[in-house]
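Okay, so here's the structure we're looking at.
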Amino acid sequence: MKVVDDEDSFADYVHDSGPRLKRLAFLLTGDLSEAEDLLQSAYIKVMPRWEKVRRYDIPDAYLRRVMISIRSSWWRRMQGREKLVADVPESQPRTGAPDLSDSVVQQQALLQALRALPDRQRTAVVLRHWCDLSEAETADSMGCSLGTVKSNTSKGLAQLRTVLAGSSLVPMKGGRS
Amino acid sequence: MNDNERDPLLQALDDLAHSADHDHVGDRMPVITRGVRVQRIRRGIAVGAVTLVAATVAAAGASQLIPTLRTEPPPILGSATPATPTPGVRTASSEPTSSTKASPSPTADVPSGTQSSSSSKPTTGLQIEMDPQQIADNMIGLEFRIHGSHYGQADTEMSGHPPVVSVLLDGKHVDTVGYSEPSKLVCTDGAKKVTLDATFDGQFAKGEYVTVPGPGTYTITIQAPYCDKAGKVVDNEVEQKVTVGTPELSATDETTVDFGGDGTKEDVRLLMPKDRRVQGQSRYQVAEITSANGDRVEVPLYGEWPTTVVDAVDLNDDGADELIVKSSGADGEWWSVLTEVEGQFLALPTGGMGEAENDPPASGVRADGGYTKTFLRDGKLLTWHTDGAWDRESATEVTLTPWLYTEGSIGPYGEESTVCVTADHQTWEDPQPC
């Protein structure tokens with residue numbers, strides 16, 4: 001009975017957490033297929049330990065750490081094959097009337113810029129500013145020091161703003177630095 | 001833009017994340033369940049391969065395949081260099097090895113002037129009977145009796161005792177009891193005959209047992225020269241071989257751990273010699289790990305005090321647990337991390353952050369006088385240490401260092417922070433400055 005309870009409980013958790021963790025996985029990977037692979041790999045890792053994880057205050061926090069850990073190991077294995085783009089083309093300044101497809105263009109630009117970031121900078125920016133974790137929580141998730149979190153977040157955001165300068169995402173004047 | 005408006009970049013990030021909602025996947029559980037099954041099968045193959053290799057090696061020469069006893073202190077961790085682990089290997093069954101009894105033949109008084117051979121032949125008026133026994137994996141208790149008669153000065157202080165008794169281990173002098181050094185036994189003509197019967201208990205002479213490097217066969221020699229009627233020194237000794245083997249073990253603690261992260265748990269028993277006559281310590285400790293399929297390995301542990309379980313935690317968030325254990329005693333605690341890496345079990349020692357000469361404790365007073373404390377918080381391993389002696393009566397600023405565990409190695413990492421400790425507040429949830 002206990003095993004069945006655990007499986008049902010885990011299935012409920014997967015159903016409930018899937019959408020939000022998929023969004024995180026997408027931001028971490030920049031690719032929907034890879035995001036789904038990452039999420040499923042994390043669930044596979046956690047399911048055998050669900051009896052214990054379900055009692056954590058925030059099971060999502062553990063899933064986050066597992067996803068980042070898996071992502072790091074994938075990145076290390078793919079280093080030799082992955083082609084990193086050093087210079088992302090700047091977005092063209094917006095002119096003329098707003099276009100319905102602008103939001104799509106912006107998203108593509110942001111996605112490109114995000115994918116161009118080094119893995120650690122991308123992870124730090126996503127956890128700090130999208131997941132809204134504290135620096136300490138981010139450090140815990142990434143398995144690094146506070147200093148490393150600060151450094152990666154700062155560099156990552158700066159790079160995004162540089163790449164997206166001139167777009168509505170980073171206004172030329174009056175924007176927050 | 002006022003402070004209440006969200007940074008457009010961050011809003012766009014949120015919008016981008018939500019674009020993933022359009023990627024409909026359906027029920028993930030069948031894929032996840034299948035993935036867990038595959039993971040278990042793969043791990044079973046990996047562990048089975050290690051077991052097969054170990055069994056093959058065991059068949060070839062099992063008696064030497066005992067875990068290597070630590071003769072040097074474990075490496076000091078205080079830098080980023082991770083410790084070198086000692087892998088657990090399959091052992092032959094560890095039957096207790098009993099030492100043989102001494103069996104010298106007592107002889108009658110030997111005519112004066114006769115010098116006995118100095119090798120394993122009791123030939124004089126003083127008979128030596130010894131009964132060496134293995135006390136621990138590195139100690140021999142030596143009880144022996146010397147009785148008979150010799151010629152010496154009648155001295156109430158000396159009566160009942162042989163003039164000189166020496167103990168040698170593999171030919172090397174261990175200790176001497178007597179009123180003169182062995183080479184300086186002086187006999188005088190016309191001395192009186194003295195009869196004696198003296199028994200020496202296991203803690204010979206200095207109140208200590210005979211210490212040996214570890215399991216093996218050793219030669220114990222007892223020399224008890226005496227004076228004959230003619231006033232000559234008569235050599236007198238017996239020797240006996242003693243085998244110190246793998247001791248009979250008993251469990252100090254046990255638990256179950258999912259080392260592989262596949263939902264099946266291994267049984268773990270922490271073992272040390274059953275007979276620990278010397279302050280409850282032993283340099284021989286192992287973790288016996290038994291898998292669900294019955295395969296068993298033994299992993300040497302660090303620390304000389306009895307080892308107990310701290311907790312099983314996933315230190316590196318890979319879905320598999322590591323087992324943290326500690327060897328606790330009067331002079332501190334020594335923590336180790338037991339883990340499985342590619343089918344092989346390892347014990348990784350942690351150490352304090354001080355500059356002790358050797359074997360710094362994970363918790364306790366270091367050789368430099370400072371204090372170190374190791375603990376678990378939210379599934380993470382942490383250590384704080386003082387720079388000088390710790391005044392427990394007052395709040396003290398200490399340096400807090402987290403530990404990083406990656407597959408097969410552990411070491412201090414990252415940014416240290418300063419926190420405040422008191423005697424009542426040594427491990428905390430919310431670190432504060434003093």
Side-chain angles (χ1 to χ4, degrees), chain A residues 7 10-11 14-15 18-20 22-27 32-33 35-36 39-52 56 62 65-66 68-70 73 103 106-107 110-111 114 125-126 129-130 139-141 143-148 157 160-161 164 168-171 174-176, chain B residues 1 3 5-40 258 260-265 312-321 378-380 401-402 404-407 413-417 431:
Chain A
E7 284 184 6
F10 185 69
V14 169
H15 183 262
R20 62 178 180 269
K22 178 69 173 284
R23 292 174 206 135
L24 173 61
F26 179 51
L27 291 181
L32 283 172
S33 298
E36 186 59 31
L39 184 56
Q40 287 186 4
S41 296
Y43 282 139
I44 288 169
K45 287 275 189 188
V46 171
M47 182 177 175
R49 309 185 70 248
W50 181 242
E51 181 191 347
K52 195 170 184 178
Y56 288 179
Y62 182 67
R65 290 203 296 269
V66 172
I68 291 168
S69 171
I70 293 172
S73 67
S103 60
Q106 285 180 19
Q107 279 194 3
L110 178 58
L111 185 60
L114 201 59
V125 167
V126 169
H129 294 287
W130 183 73
D140 185 56
S141 293
C144 66
S145 67
L146 286 175
T148 302
L157 270 181
L160 286 178
R161 293 190 195 284
L164 299 171
S168 63
L169 299 180
V170 183
R176 290 170 59 184
Chain B
M1 183 170 59
D3 289 340
E5 292 180 12
R6 197 179 182 192
D7 184 335
L9 176 59
L10 302 183
Q11 180 61 50
L13 206 57
D14 193 38
D15 293 339
L16 178 63
H18 277 82
S19 70
D21 294 349
H22 301 300
D23 185 39
H24 297 290
V25 175
D27 187 8
R28 291 188 173 92
M29 283 307 294
V31 176
I32 294 170
T33 307
R34 188 167 58 246
V36 170
R37 278 203 298 273
V38 170
Q39 189 173 255
R40 283 183 183 146
D258 181 8
D262 63 351
T264 58
K265 293 192 174 184
V313 293
D314 180 5
L315 283 177
N316 61 340
D317 304 319
D318 66 346
D321 279 340
D378 295 337
K380 300 297 175 189
T401 306
L404 172 67
Y405 169 73
T406 57
E407 277 201 5
Y413 82 105
E415 194 171 289
E416 295 176 337
S417 54

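Chain letters run A, B, ... following the sequence lines, proteins first and then strands; every chain starts at 1.
Here Leu16(B) contributes atom CG and Trp130(A) contributes atom CH2; the two are 10.0 Å apart, rounded to the nearest 0.5 Å. Atoms CZ and CD, on Arg28(B) and Glu36(A) in that order, are 4.0 Å from each other to the nearest 0.5 Å. With values rounded to the nearest 0.5 angstrom, Asp318(B) atom CG is found 5.5 Å from Lys45(A) atom NZ. The structure places CG of Leu157(A) at 6.5 Å from CG of Leu9(B), a figure rounded to the nearest 0.5 Å. Atom OG in Ser33(A) sits 7.0 Å away from atom CG in Asp23(B) (nearest 0.5 Å). Taking CG from Asp15(B) and CG from Leu110(A), the interatomic distance works out to 9.5 Å, rounded to the nearest 0.5 Å.
Between Arg161(A) and Asp7(B) there is a salt bridge, since at least one side-chain N of the basic residue sits less than 4.0 Å from a carboxylate O of the acidic one.
Heavy atoms of Val46(A) lying under 4.5 Å from chain B are absent altogether. Looking at Asp27(B), neither its backbone nor its side chain comes within 4.5 Å of chain A, counting heavy atoms on both sides. Heavy atoms of Tyr56(A) lying under 4.5 Å from chain B are absent altogether. Only the side chain of Leu27(A) comes within contact range of chain B, judged by heavy atoms closer than 4.5 Å. Looking at Tyr43(A), the atoms closer than 4.5 Å to chain B (heavy atoms on both sides) sit in the backbone and in the side chain alike. Proximity to chain A is limited to the side chain of Asp21(B), based on heavy atoms less than 4.5 angstrom apart. Leu24(A) does not touch chain B: none of its heavy atoms, backbone or side chain, sits under 4.5 Å away.
Between chain B and the options His129(A), Arg23(A), His15(A), Gln40(A), heavy-atom pairs under 4.5 Å are most frequent for Arg23(A). Among Ser19(B), Gly379(B), Ala320(B), the residue with the largest count of heavy-atom pairs under 4.5 Å with chain A is Ser19(B). Considering only heavy-atom pairs separated by less than 4.5 Å from chain A, the leading option among Asn316(B), Val31(B), Asp314(B) is Asp314(B).
Here the closest non-hydrogen pair linking Met47(A) and Thr33(B) is CE-OG1, 4.2 Å. When all heavy atoms of Gly261(B) and Pro48(A) are compared, the pair lying nearest together is O-CG, 3.3 Å.
Results of the salt bridge (Lys or Arg N to Asp or Glu O under 4.0 Å) test with Arg49(A) over Asp321(B), Asp258(B), Asp262(B) single out Asp321(B) as the only residue that passes.
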